[in-house]
Amino acid sequence: MDKIWLSSPHMGGAEQRYVQEAFETNWVAPLGPNVNGFEKDLETYIKEGTWVACLSSGTSALHLALILSGVSNGDEVLCQSMTFSASANPITYQGAKPVFIDSELDTWNMCPIALEEAIKSSIKKGRKPKAIIVVHLYGMPAKMDEIIGISKKYEITLIEDAAEALGSEFRGQKCGTFGDFGILSFNGNKIITTSGGGALVCRSEEKKQKAIFLATQARDNAVHYQHSEIGYNYRMSNITAGIGRGQMEVLDKHIGYRRLNNEFYQNLFEKIEGITVFKEPNKDYFSNHWLSAIVIDESKVGFSREDLRLCLLEDSIESRPLWKPMHLQPVFRECDYYGESVAENLFKNGLCLPSGSNLSDNDRHRIKKSINKLLK
Ligand SMILES: *Cc1c(COP(=O)(O)O)cnc(C)c1O
C-alpha cells in the first residue's frame, strides 16, 4: 500500500519550464531572472508595497530579521513556545536569549496576556526585550491586533514567522505583512516548495537591499573583494527560484485543496464528542490550513493521540503530534517561560493529520476507514 504522507510536495506543472529556462540561459547561480521573478510574484501576492528577499531557507530569513532588528549578544527575544525549533534557533545564533511564551486556545499561537506579562517582568529587571517572534502555526493567523498593539505600546520590534502561513489572512491582510519583518519558508513539506528555500518580507526597499547584502557575504562596493561587515551565504539559487515561480501559479488552488481537507476532517469528527478539529475562531481569520490537526480528549473517546497515530501508521498513514513546545525541549531547558499549560496540553493531546493538497478521494477514504476502526 502507498504511504499517505502528512504533507508532500505537489508540483503544478510549470516548475520545470522555469528551471529549463535557467539552464538554457546558463543562469545556474544564486541570482538571476527566476530569483527576481519569484520575488516580484511574492510581493504582488502578499501585498503591494512590501519588499521580499528570497533566501536559502526560512531559518536564514529569521536569522537576518534578527540581525536587521539589532539583536545581539545577551539580548532577550520573546518567542512563541509552541512552534518548530527553527523559530527559536536563530535567536541563539546571535548570542541572544529566547524567552518562551505560552499559546492561547483560539489560535494555538502566542498568548497576548503572557506576552505582556513577560515584557513587564523583563523591563522590571532592567532588560527590555529586543524583539518578538510570533508564529502563525499550521497556517492559523495569530491574534495580530492584540500582538501588534503590545509591540507598539512597548516599542519592541515584531517579527512574524509565517513559514507555515503563506496565503493565510487576518482581517483580509496576508500573514507576513503585519510585522517589521516577516519570514516565509519553501521547504519540502510547506504549502509551496522550492525543495528548500525561504524569504524575508521587509517594509522598505532599503531593508531588502541590506538583507541581500548580508546574504551575499557583505561585499563592499569595490572591484576587489572588500568587507566591512560579517556576511552570510544565504541567497536563493536561480534554479530553486524557478520551482518557486511555477508553484506560485498553483498556490491559491492548493490552498483551496488544503481547506477542503480541513472540511473533510470537520465532517468526519462532527458527531464525535471528545475530538475537536482545529479551525478558525471567527471570520477575522482565514487559514491556509497547511496542516489539519485535532485535539483528543482521551477520557471521552477512550483512546489517546498516540493510539490513533499507531492505528493510522498500521495502515501506512502518516500523522504527527503537534509541535513539542520549546520550553520543554532539553536544549532550551535554561530559558525563561511565561504562561500556563496551554501549549503543553495541546502537545499532549494533539495530532496533525494528512493534509497535502495532493490527497486523493481514495486517500481520504483510507484515512476515514482507518480512523473508524478506533471510533467504533
Ligand atoms: C519550516 C519552518 C521554519 C523554517 O523554515 P526552513 O525553510 O525549513 O528553514 C520556521 N518556522 C516554522 C514555524 C516552520 O514551520
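None of the values given here were measured: they were computed from a predicted structure. One is the number of the first residue; the rest follow in order along the sequence.
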Should the pair Y138 and W108 be assigned to parallel (<30°), tilted (30 to 60°) or perpendicular (>60°) ring geometry?
->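 Because their plane-to-plane angle is over 60°, the rings of Y138 and W108 count as perpendicular.
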Parallel, tilted or perpendicular for F178 and F170, by the 30°/60° rule?
->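 Perpendicular.
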I would like to know whether R259 and E280 meet salt bridge (charged side-chain N to carboxylate O under 4.0 Å, His left out); could you show each step before the answer?
-> CA-CA 11 Å; R259 289 179 58 83; E280 290 118 336; 2.8 Å; yes
Over 12 non-hydrogen atoms of neighbours within 6.0 angstrom of [atom1] in [X]:
X: K207; atom1: NZ; value: no
X: N221; atom1: CG; value: no
X: K348; atom1: NZ; value: no

Minimal non-hydrogen separation, [X] against [Y], with atom names:
X: S60; Y: L55; result: OG-CB, 3.8 Å
X: A53; Y: K208; result: CB-CG, 4.2 Å
X: T83; Y: W323; result: O-CB, 3.4 Å

SB check [X] [Y] (cutoff 4.0 Å):
X: E263; Y: R258; answer: no
X: R245; Y: E15; answer: no
X: K143; Y: E104; answer: yes

R305 charged N/C atom sitting above F347 aromatic ring, 6.0 Å / 45° |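 Yes, R305 sits over the ring of F347.
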Y225 ring centre to R219 NZ or CZ under 6.0 Å, with the angle to the axis within 45°?
->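 Yes; both conditions hold, so R219 lies above the ring face of Y225.
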Are the aromatic rings of F23 and Y18 close, with centres under 6.0 Å apart?
->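 Centroid separation for F23 and Y18: 6.0 Å or greater.
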Checking E43 side chain against W51 main chain: does a donor-acceptor pair fall under 3.5 Å?
->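 Here the side-chain-to-backbone pair does not exist.
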With salt bridge (charged side-chain N to carboxylate O under 4.0 Å, His left out) as the test, would you mind laying out the steps for K369 and D315 before giving the verdict?
-> CA-CA 10 Å; K369 216 167 110 188; D315 295 321; over 6 Å; no
Apply salt bridge (charged side-chain N to carboxylate O under 4.0 Å, His left out) to K120 and E117, showing your working.
-> CA-CA 5 Å; K120 282 182 174 160; E117 193 192 326; over 6 Å; no
Quick one: does R171's side chain get under 4.5 Å of M144's, heavy atoms only?
->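 R171 does not reach M144 side chain to side chain.
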